[in-house]
Student: 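Here you go, one structure.
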Amino acid sequence: ALLACLPLAPLTAAEFKENLNYFEIFPNYPGSEANKVEVVEFFMYSCPHCYDFEPHLNAWLANKPADVNFTKVPAVFNANARFFAEAYYSLEVMGVDHSIHEKIFAAIHDQQKRLFEAESLAEFLATQGVDANQFRQHLKSFAVQAKVNRAEELGKRYAIRAVPSMVVEGSWRTGQVGSFEEMLQLVDFLVAKGKKEKLATNP
């Protein structure tokens with residue numbers, strides 16, 4: 001499920017092809033805000049491609065239009081992925097600064113730390129100033145499990161089979177692209193498409 005995107009020749013927005021570069025989601029689930037377009041990234045801490053994608057995504061987010069809502073959602077493919085989803089939402093519920101996620105990514109992929117179970121991750125988080133006991137308590141809490149179950153349901157709804165993947169306006173899922181830059185150009189293309197459809201629905 002964690003395969004890199006296949007290299008293709010660079011595309012322009014006009015050349016993005018449905019059922020190759022992107023796929024329509026049936027039924028679709030457009031965002032509830034008439035003047036906002038929703039963009040979701042599905043990721044896993046253990047995925048090296050997700051880690052490599054982060055700086056490109058952060059640069060895109062720095063210039064994101066105000067009328068685009070962005071959300072990260074941990075993919076839940078298996079038990080290991082579910083643990084990382086529990087960790088992600090535990091930190092969210094605790095209100096830990098979002099920079100912790102880049103530190104987890106770096107620890108796994110740059111420092112080769114094996115943070116694949118609760119105790120090793122809790123010990124690492126303690127070195128980053130996070131309350132390890134509070135983290136442990138949140139992992140299996142009702143609030144966190146509800147968020148993880150919701151993430152798993154979203155992944156199934158959008159047919160997410162690889163990460164990183166992005167979903168725009170609950171209507172389109174990214175497909176085959178040649179680079180991370182191209183993926184984000186595709187997202188911009190789909191955002192524009194989503195805005196156009198919202199305008200037609202809510203003139």
Side-chain angles (χ1 to χ4, degrees), residues 1-5 18-19 21-51 53-54 57 60-61 64 67-96 98 100-101 104-105 108 115-118 121 135-177 183-184 186-187 190-191 193-195 197-198 201:
L2 306 179
L3 298 178
C5 297
E18 189 173 353
N19 299 322
N21 306 122
Y22 68 97
F23 298 85
E24 187 166 1
I25 295 166
F26 297 102
N28 57 35
Y29 302 86
S32 57
E33 294 187 63
N35 60 343
K36 299 277 188 178
V37 173
E38 294 186 353
V39 175
V40 177
E41 181 217 6
F42 286 85
F43 78 101
M44 282 179 60
Y45 284 132
S46 56
C47 168
H49 312 303
C50 296
Y51 178 50
F53 182 49
E54 278 290 292
L57 177 63
W60 181 83
L61 289 173
K64 177 184 68 63
D67 58 359
V68 172
N69 284 337
F70 174 78
T71 307
K72 291 178 82 75
V73 173
V76 185
F77 294 130
N78 50 40
N80 184 58
R82 186 176 183 90
F83 163 67
F84 279 126
E86 291 170 345
Y88 177 82
Y89 285 122
S90 294
L91 293 166
E92 180 180 87
V93 168
M94 291 170 64
V96 177
H98 198 78
I100 192 65
H101 303 298
I104 294 172
F105 264 130
I108 293 172
L115 306 181
F116 301 108
E117 49 86 28
L121 182 52
F135 172 75
R136 294 184 188 97
Q137 292 167 5
H138 277 293
L139 275 173
K140 299 299 181 181
S141 68
F142 177 82
V144 166
Q145 292 303 311
K147 288 176 177 287
V148 173
N149 290 340
R150 171 65 173 166
E152 184 174 17
E153 176 58 31
L154 282 177
K156 292 176 180 177
R157 176 185 296 178
Y158 297 146
I160 302 300
R161 298 184 178 90
V163 289
S165 288
M166 300 186 77
V167 172
V168 177
E169 195 54 20
S171 300
W172 304 283
R173 180 184 71 253
T174 55
Q176 223 174 55
V177 290
M183 179 184 283
L184 293 168
L186 172 59
V187 169
L190 295 173
V191 165
K193 188 176 176 68
K195 289 180 181 180
E197 293 196 1
K198 275 186 177 288
T201 305

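Side-chain atoms are counted along with the backbone in the values below, which use heavy atoms only and exclude waters and symmetry mates.
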Student: Extract all donor-acceptor atom pairs below 3.5 Å that involve side chains of residues 37-45 and protein atoms in other chains or at least two apart in sequence.
Tutor:
residue: E41; atom: OE1; partner: K72; partner atom: NZ; Å: 2.6
residue: Y45; atom: OH; partner: H101; partner atom: ND1; Å: 2.4

Student: Answer yes or no: is there a side-chain heavy-atom contact under 4.5 Å between F105 and C50?
Tutor: yes

Student: Between F77 and A162, what is the shortest heavy-atom contact and its length?
Tutor: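 Smallest heavy-atom distance, with atoms named: CZ-N, 3.9 Å.
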
Student: To check you understand the geometry: which heavy-atom pair defines the closest contact between F135 and L121, and what is its length?
Tutor: CZ-CD2, 3.8 Å

Student: If you compare all heavy atoms of P164 against all heavy atoms of M183, which two are closest, and at what distance to 0.1 Å?
Tutor: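 Here P164 and M183 meet closest at O-CE, 3.6 Å.
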
Student: Who pairs with F116 by ring-ring contact (aromatic ring centres under 6.0 Å, His included), at least two apart in sequence or on another chain?
Tutor: F84

Student: Determine whether K156 and V76 make a side-chain contact, defined as any pair of heavy atoms from C-beta on separated by less than 4.5 Å.
Tutor: no

Student: So, using ring-ring contact (aromatic ring centres under 6.0 Å, His included) as the criterion, who are the partners of Y89 when residues are at least two apart?
Tutor: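 ring-ring contact (aromatic ring centres under 6.0 Å, His included) list for Y89, sorted by chain: empty.
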
Student: Main chain of K36, side chain of D67: is a donor-acceptor contact present, judged purely on distance under 3.5 Å?
Tutor: no

Student: Could you walk me through whether V168 and V187 pass the side chain to side chain contact (heavy atoms under 4.5 Å, CB included) test, one step at a time?
Tutor: CA-CA 7 Å; V168 177; V187 169; 4.1 Å; yes

Student: For side chain to side chain contact (heavy atoms under 4.5 Å, CB included), just list the numbers for I104 and L91, CA-CA rounded to whole Å, side-chain angles, deciding distance to a tenth of an Å, and then say yes or no.
Tutor: CA-CA 11 Å; I104 294 172; L91 293 166; 3.7 Å; yes

Student: For the residue pair W172 and E24, what are the closest heavy atoms and their distance?
Tutor: CD1-CA, 3.9 Å

Student: Would you check if F70 and M166 make a side-chain contact, meaning some heavy-atom pair closer than 4.5 Å?
Tutor: yes

Student: Which one of K140, R82, R150 satisfies the side chain to side chain donor-acceptor pair (under 3.5 Å) criterion with Q145?
Tutor: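 The option that passes is R82.
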
Student: Is the side chain of R173 donor-acceptor paired with the backbone N or O of Y158 at a distance under 3.5 Å, no angle test?
Tutor: yes

Student: V144 pairs by side chain to side chain contact (heavy atoms under 4.5 Å, CB included) with which of V93, N149, L139?
Tutor: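 Passing option: V93.
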
Student: Keeping S171 on the side-chain end and N28 on the backbone end, is there a donor-acceptor pair under 3.5 Å?
Tutor: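 Between the backbone of N28 and the side chain of S171 there is no qualifying donor-acceptor contact (under 3.5 Å).
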
